[in-house]
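Accompanying notes for the structure given below.
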2 protein chains.
Amino acid sequence: MPATVKVESGKRPRRETAPARRVPPPEPKLGALQGFIGFNLRLAQDASFRVFARKSGQRDIMPGRFAALMVLRDNPNITQSALGRAIARDKSSVTPLLQDLQRRGLVKRMRSTTDRRSVTLTLTAAGARVLQDLILHAREHDRKLDEIAGPSKAEFVAILRRIADHMV
Amino acid sequence: MPATVKVESGKRPRRETAPARRVPPPEPKLGALQGFIGFNLRLAQDASFRVFARKSGQRDIMPGRFAALMVLRDNPNITQSALGRAIARDKSSVTPLLQDLQRRGLVKRMRSTTDRRSVTLTLTAAGARVLQDLILHAREHDRKLDEIAGPSKAEFVAILRRIADHMV
DNA sequence: TATTGTTATACTCTATAACTATA
DNA sequence: TATAGTTATAGAGTATAACAATA
């Protein structure tokens, strides 16, 4: 095997341009990826999630918890299964979520009197207070999103909903 | 403490309606949650992701891998760090991702000759073929999304991009 | 000193399957 | 038989921090 051939070896011609101070390689092109709705959806959701989590981080409540609390507020005495359907999560994912919220004292769980298999969920007073605070935070968060969406917001949200409803 | 009082006890009036066959409780209302862009973003992304993964599941390439392959195709000889920036992931997340793609024989990694810290990434022929197949799948997937978005697609995507760019 | 990539590690979120207790 | 909830378990995806090699 021949040693690596040095192409264009020998004295180099003097550079015509500046000393070529280590040009940082151009950032990658996203190319065709940019045209895919799916890809953009991922980036946007990711960005939104990070910001929400970072800002509400002190309260240590992630978007998923927030959504659950909201559903509980608007649907007192809902069961775990129904909650799972509302937030699109399996019941086995709902259990630890609620255990966490209960441990924090935000949710009360009681056996349903009419169907003893079911658990009846309600916000505690503390839960309502925390949620109130989170709503302020979420509004602030969404205000920024609203700004970005501009006058097309309604249509934008409508499309998101259609995607959520019709894709699966 | 008095025993539970049975309100309306005694003989019940005959039902006027049908035997009230265990009415399934009404599905929960999403309430104010429906107004939040963030929440809808999450549901939409989730739905889109699931469908993409399910359909491309045979190929066992998730959206994240697909995005990485696309970036590699459009940016031959990119480094791992640059890839990470493109897909918005930390370098420590990029390493195992690429190890996986390499193990599958889809990507070739070589030490850069000009900066021996860096790794230079290229798609293999097999990688290009798999990607080609995935692109067809992604197009099909996105075709459905396009349909849902309708004529507002351009504006919809523009908003998603602005969210991804301006939220963080 | 700063950056590239790797590793060790840990955490979150999620689901499937098997189980129980009811219905 | 079917459903509500729990548990055991596993897997994907991610990040932080510390590190070695190199710039």
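Since this is a predicted model, take the numbers as computed values, not measurements. Every chain is numbered from 1, with letters handed out A, B, ... down the list of sequences.
In the set C:dG5, D:dG5, C:dA15, C:dG5 carries the atom at the smallest distance from any side-chain atom of B:Thr79. Nearest nucleotide to the side chain of B:Gln80, out of D:dT14, C:dT6, D:dG5: C:dT6. Looking at the side chain of A:Val119, the nearest of the listed nucleotides D:dG5, C:dT14, C:dT6 is D:dG5. Distances from the side chain of A:Lys91 to the nucleotides C:dT4, C:dC13, D:dG5 place D:dG5 closest. The side chain of A:Arg109 sits closest to D:dT6 out of C:dT7, D:dA15, D:dT6. For B:Arg42, whose side chain is taken as the heavy atoms from C-beta onward, the closest listed nucleotide among D:dG13, D:dA18, C:dT14 is C:dT14. Considering only side-chain atoms of B:Ser92, the nucleotide from C:dA15, D:dA15, C:dG5 that sits closest is D:dA15. Residue B:Thr95 has its side chain nearest to C:dG5 when only D:dT6, D:dA15, C:dG5 are considered.
Between B:Glu147 and B:Arg143 a salt bridge is recorded (basic side-chain N to carboxylate O distance below 4.0 Å).
The aromatic rings of A:Phe52 and A:Phe66 lie tilted to each other, with the angle between the two planes from 30° to 60°.
Contact check, A:Ser93 against C:dA15: a side-chain N or O comes under 4.0 Å of OP1 or OP2. Considering only side-chain N and O atoms, B:Gln99 lies nowhere under 4.0 angstrom from the phosphate OP1 or OP2 of C:dG5. Close to D:dT22, at under 4.0 Å from its OP1 or OP2, lies no side-chain N or O of B:Arg111.
At distances below 3.5 Å, at least one donor-acceptor pair connects side-chain atoms of A:Asn75 with backbone N or O atoms of A:Val71.
The residue among A:Arg116 and A:Gly64 whose nearest nucleotide of DNA chain C is located toward the 5' end is A:Gly64. Of the two residues contacting DNA chain D, namely A:Asp90 and A:Arg117, the nearest-nucleotide position lying further toward the 5' end is that of A:Arg117.
A:Leu98 places a side-chain heavy atom less than 4.5 Å from the side chain of A:Leu83.
Using a 4.0 Å heavy-atom criterion, one finds that A:Asp115 contacts the sugar-phosphate atoms exclusively.
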